[in-house]
Amino acid sequence: MNLFSEIRALVITQLTALQAEGTLPEGLDFTNVAVEPPRDAAHGDMATNAAMVLAKPAKMKPRDIAEALAGKLAEDARVETAEVAGPGFLNLRLATGLWQGLVKSVLDTGAGFGRSDMGQGKRVNIEYVSANPTGPLHVGHTRGAVFGDALASLLDFAGYDVTREYYINDGGAQVDVLARSVYLRYLEAHGQEVAFEDGTYPGDYLIPVGEALKDKVGDAFVDKGEQFWLAEIREFATEKMMDLIREDLKALKIEMDVFYSEKSLYGTGQIEAALKSLEDKGLIYEGVLEPPKGKTPEDWEPREQTLFKSSDHGDDVDRPVKKSDGSWTYFAPDIAYHYDKVQRGFDLLIDIFGADHGGYVKRMKAAVSALSDGQTAIDIKLTQLVKLFKNGEPFKMSKRAGTFVTLRDVVEQVGPDVTRFVMLTRKNDAPLDFDFDKVLEQSKDNPVFYVQYAHARVCSAIKKATDAGIDVTDATIAGADLTKLSDPAELTVARKLAEWPRLVEIAGRTNEPHRVAFYLYELASDLHSLYHSGKDNADLRFVQEDNAAATQAKIALARAVAIVISAGLGILGVTPAQEMR
RNA sequence: GCACCCAUAGCUCAGCUGGAUAGAGCGCUGCCCUCCGAAGGCAGAGGUCUGAGGUUCGAAUCCUCAUGGGUGCGCCA
């Protein structure tokens, strides 16, 4: 039940009625007519811009339209007052029963309250993390992982058919580097002294991999040339790294639907097929690129390469798909991978990249546009850097990996719930400060705590009511007399609950899960505020020991808040707290 | 040099496909514990939304330019 769309439907109906009466001309476009919460609650419960949007096409004064519409709307039982304000705003005050009904609707619908059919079952593929299988995930990956996962849940909640996907970059030179690094650890396991030169991965996490390799093949590769072991170790090490990454993701409570291997694209004709598709559109040619201006590499020399004419699809320059030696660039299998996604029939592709891949956005969009003839929509979201702090000091090194802080370092210190929530309290394209101490602080300036506390507070109120001998089970409060919820402070909370379905749609439309986190903070704030007003006004306390009916109504409201908080946290991938400890 | 992202209160940040007097937390000031939990509550001060133009009935939001910051820029992935 989305009250906003319900009232908007009413507005449209009455506008149509005005047309039938001849007050408004025919042929008006109502798509821009909006019903939203007013900026200032004193203006009313909802406001519509209908009069201002329609004034020009209808060739009428906005206030005249607003007056006529106000008269129509006021006839409806749901509308208490309709007042024209300012340049032509129409402020609506809704009947109290509507808010009480909304609370009941939350209780009846439960966790599904706020679910939307906006997505109409459209198939969305969200690709995120996609870290190279060369080591454990680090903080940067963590943000992308949390963001992608929350976005996936959000879109699912908004009615899309979502696939969560991880692209394994196991086809490039970096997995050769991994294999060589593991080989060194393997020699070490055999008691040899080894040196980790530049271009190898020195992290401790490869020690057990080297030992496992020794257990598997004994000394078969010792003192042998690369040609004897590279392919096998590459395979072995990549699998071990993916096991590691899967463990990392699990620690963050992330489960992918699909792990898609880059390597699987080689030797199967898929890359060739994707490029053929582009070639058939006249988008592949042999050419020489201009050197980058202002920063010409010293060893620059013009070379002929196979290029994709991405500039035809919005990119700045054309991009190479083959190196000058004829082998594929990274871009080529990526084109093939996206070609595969297009062919799997998704309506929308979403890629989550780290900010350092920002330069890659245009060519990827160009590729998808070209491959699908503009039929498959693609959105690419960048996640900005995470700066870690501890005791107010920047925090950089990890004991585990040596050079970077891993996802595990973070999750093991603060837990998956806090990690996820904090990472989502910022827009994805804004840098994020993550302070190990602050995120665990139990105070109002810690949103995680504040929201969890609200949920726990409801749980505690329910327990308290039960202890007082009042039946506040879900079954009972679903039938509570909600007309007892008439205090403005209580209705304020109900109004906030009414915004939830609308917020889900806005967040889903913009692919911005952080809006959910901010909404939950506001909702929690309203609940805490109501709770505290019980201090001055005993009638507002959640538990009225001598009045079961009033308690049931108040607990119904509180329970509705808990349901929405729980649903919202569910989207963020955070478990609601039953109690604070 | 070019591209992308960003610029909102002292600080950290929200701001709804353009809407009314631009919001929150922290910090600051002042009140409030006989009170379902003061790990708090209530109230107040604090803004030329980086600047200049433009579009519009209406701009923090859209467009152009400028300034400042971040990221990236053939044969890495």
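Naming convention: chains lettered A, B, ... in sequence-line order (proteins, then strands); numbering from 1 in each chain. Computed from a predicted model, the values in this text were never measured in an experiment.
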Output a table of nitrogen or oxygen pairs between the protein and nucleotides 4-10 of chain B separated by less than 3.5 Å.
residue: C6(B); atom: OP1; partner: Asp429(A); partner atom: OD2; Å: 3.3

| request: Searching all strands shown, indicate the nucleotide that pairs with A9(B) (Watson-Crick or G-U wobble; both distances under 3.5 Å). | output: none

| field | Derivation of the ring-ring contact (aromatic ring centres under 6.0 Å, His included) call for Phe434(A) and Phe436(A) | value | CA-CA 6 Å; Phe434(A) 189 101; Phe436(A) 284 101; 5.6 Å; yes

| request: Please state whether the base of C16(B) and the side chain of Arg502(A) form at least one donor-acceptor pair under 3.5 Å? | output: yes

| said: Under the rule for ring-ring contact (aromatic ring centres under 6.0 Å, His included), what residues qualify as partners of Tyr166(A), not counting sequence neighbours? | reply: Phe259(A)

Pairs under 3.5 Å (N/O, protein and nucleotides 54-57 of chain B):
residue: C57(B); atom: OP1; partner: Lys56(A); partner atom: NZ; Å: 3.0

| remark: ring-ring contact (aromatic ring centres under 6.0 Å, His included) filter on Tyr128(A), not counting sequence neighbours, yields none

| Cation-pi between Arg502(A) and Phe4(A): NZ/CZ under 6.0 Å from ring centre and within 45° of the ring axis? | yes

| task | Spell out yes or no: do the side chain of Asp334(A) and the base of A77(B) have one donor N/O and one acceptor N/O closer than 3.5 Å? | result | no

| Ring stacking, His532(A) with base of G40(B), under 5.5 Å and under 30°? | no

| Taking N and O atoms by type only, does the side chain of Arg426(A) place a donor or acceptor under 3.5 Å from a partner on the base of C13(B)? | no

| request: Not counting sequence neighbours, which residues clear salt bridge (Lys or Arg N to Asp or Glu O under 4.0 Å) with Lys61(A)? List them please. | output: none

| request: Output every pair passing salt bridge (charged side-chain N to carboxylate O under 4.0 Å, His left out) with a member in residues 357-368 of chain A, not counting sequence neighbours, ordered by first then second residue. | output: Asp316(A)-Lys362(A)

